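Worksheet for the structure shown next.
Just so you know, ligand 1 is whichever comes first in the structure, and atom 1 is the first atom listed for that ligand. Predicted model only: the values in this text are computed from it and were never measured.
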Amino acid sequence: MKFRAIMGALCAAGLMCGVSAVQAAESVEVLHWWTSGGESKAVGVLKDDMQKQGYTWKDFAVAGGAGAAAMTALKTQVISGNAPTAAQIKGPLIQEWAQQGVLVNIDSAATDWKKNLPPEIDKIMHADGHYVAAPFSVHRVNWLYINKAALDKVGGKVPTTWPEFFAVADKMKAAGIMPVAMGGQPWQDLTLWEDVVLSQGADFYKKALVDLDQKTLTSDKMLQVFDTVRKIQGYFDSGRTGRDWNLATAMVINGKAGMQFMGDWAKGEFANANKKPGSDYICAAVPGTEKAYTFNVDSFVFFQQKGQSAATPGQLALAKTIMSPAFQEQFSLYKGSIPVRLGVSMAKFDDCAKKSYADEQTAIKSGGYVPSLAHGMAQPDATAGAITDVVTKFMNSSQDSKSAVEALAKAAKTK
Ligand code: GAL
């Protein structure tokens, strides 16, 4: 038998493989919830990059915005001993998984990360002094998307305050345009609600949703938050129950609705539909939040694989690829976000992404850079879940603001 044939036979029997053969054989199973048009295009960049490096991509996509269904699927997989190679996990949940002792460290893939990440984000990627997560990009949550033709039709101007917003919404209603496209899942309710909390000021947001300060949570300003949310609800259509966020975005894209409150993954949908900011649609900060920035940083964590004590070559390759400058650029161009890696050129990005970048820099300096509660960046899972229940109950019933505030203060004590 010739040498190559012998090696091939040994390798096929699982006994001995050359490095490249090992890599070619390793398949990476990746659990994520990126299933909308823009999202799948973005995650497709990672798939292609990994395949080019010789890995087999096993897609484990669990549909459902903001990942609630994906997180349930992940727990089942890990408990049954079938942890994926990598999974989309972010914020404090990274620590929660690390504490279970099921993650591997990826330090050897991250030798230059410290100097290339903002310090607050670098910290989130660590557990026990080691890198356990790789960051993709920065999403800004506090955006209002507006269909340009709808705005022009009613002669409206981009609203920067709530009274201006309600004036535009009234005009749209009068012109037969549905003012606000809203989806119908708890995380979407929380996304809108935290936008309104932010409109009371970044300090108020921090005290309420980061520090969980009881005085702030029960203040008059918090009552106003619930009142404002109730008023905004008057501009939804009646068909939002169960509606996915991207279907609501599609309503703004095709002019059925005028506006949507959503993080800039919605921009990935506009881009995917070939719509251009400025001429087809407008991205504006949520009224009253121009100087603030709710950040949402997606990341992957890496699970210990059967029979392995350390990260596998595939896991290290995934981590390295995610943080490489070329990937960071292309992923965000499709996803609607901006690169999390410092120093990546913004030249190819649209005006909304450039605004996101500029506003991020301003907000970091002014103290207006705050973690999104609705997107798992501000609180442990249990606390965020309890607050979500309060907000969703309020938005799906006729509960009064006062009793919602009382329920909120109680929910914030959930550990
Ligand atoms: C967010 C996630 C984004 C986007 C969105 C909708 O929580 O960070 O990447 O996918 O959910 O699914």
Atoms in ligand 1 with a heavy atom of [X] nearer than 4.0 Å:
X      : value
Asp298 : 2 (C), 3 (C), 8 (O), 9 (O)
Lys335 : 3 (C), 4 (C), 9 (O), 10 (O)
Trp245 : 6 (C), 12 (O)
Asn296 : 1 (C), 2 (C), 7 (O), 8 (O)
Gly65  : 12 (O)

Would you check whether [X] has a nitrogen or oxygen atom less than 3.5 angstrom from a nitrogen or oxygen atom of ligand 1?
X     : value
Gly64 : no
Lys90 : yes
Trp34 : yes

Protein residue, atom and distance nearest to atom 6 (C) of ligand 1, heavy-atom basis: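 Minimum-distance protein heavy atom for atom 6 (C) of ligand 1 reads Glu39 OE2, 3.3 Å.
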Among all protein heavy atoms in this structure, tell me which lies nearest to atom 1 (C) of ligand 1, with the distance rounded to 0.1 Å.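 The protein heavy atom lying closest is His375 ND1, 3.4 Å.
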Pick from Lys335, His139, Arg140: which one makes a side-chain hydrogen bond (donor to acceptor under 3.5 Å, both in side chains) with Asp264?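 Among Lys335, His139, Arg140, the one that satisfies the side-chain hydrogen bond (donor to acceptor under 3.5 Å, both in side chains) with Asp264 is His139.
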Can a salt bridge be assigned to the pair [X] and [Y] using a cut-off of 4.0 Å between side-chain N and carboxylate O?
X      : Y      : answer
Lys157 : Glu164 : yes
Asp350 : Lys275 : no
Asp59  : Lys47  : no

Going by heavy atoms, is Gly67 under 4.0 Å from ligand 1?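 Contact absent.
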Please examine the side chains of Gln77 and Phe60, heavy atoms only from C-beta on, and report whether any two atoms are closer than 4.5 Å.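 In contact.
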Under 3.5 Å, side-chain donor or acceptor atoms of residues 166-186 against the rest of the protein: list the pairs with distances, not counting sequence neighbours.
from, atom 1, to, atom 2, distance (Å)
Asp170, OD1, Tyr235, OH, 2.7
Lys173, NZ, Gly234, O, 3.4
Gln185, OE1, Trp187, NE1, 3.2
Gln185, OE1, Gln188, NE2, 2.9
Gln185, NE2, Asp244, OD1, 2.8

Using side-chain contact (heavy atoms from CB on, under 4.5 Å), reason through Leu316 and Ile106 one step at a time and then give a plain yes or no. CA-CA 6 Å; Leu316 296 173; Ile106 48 158; 4.2 Å; yes
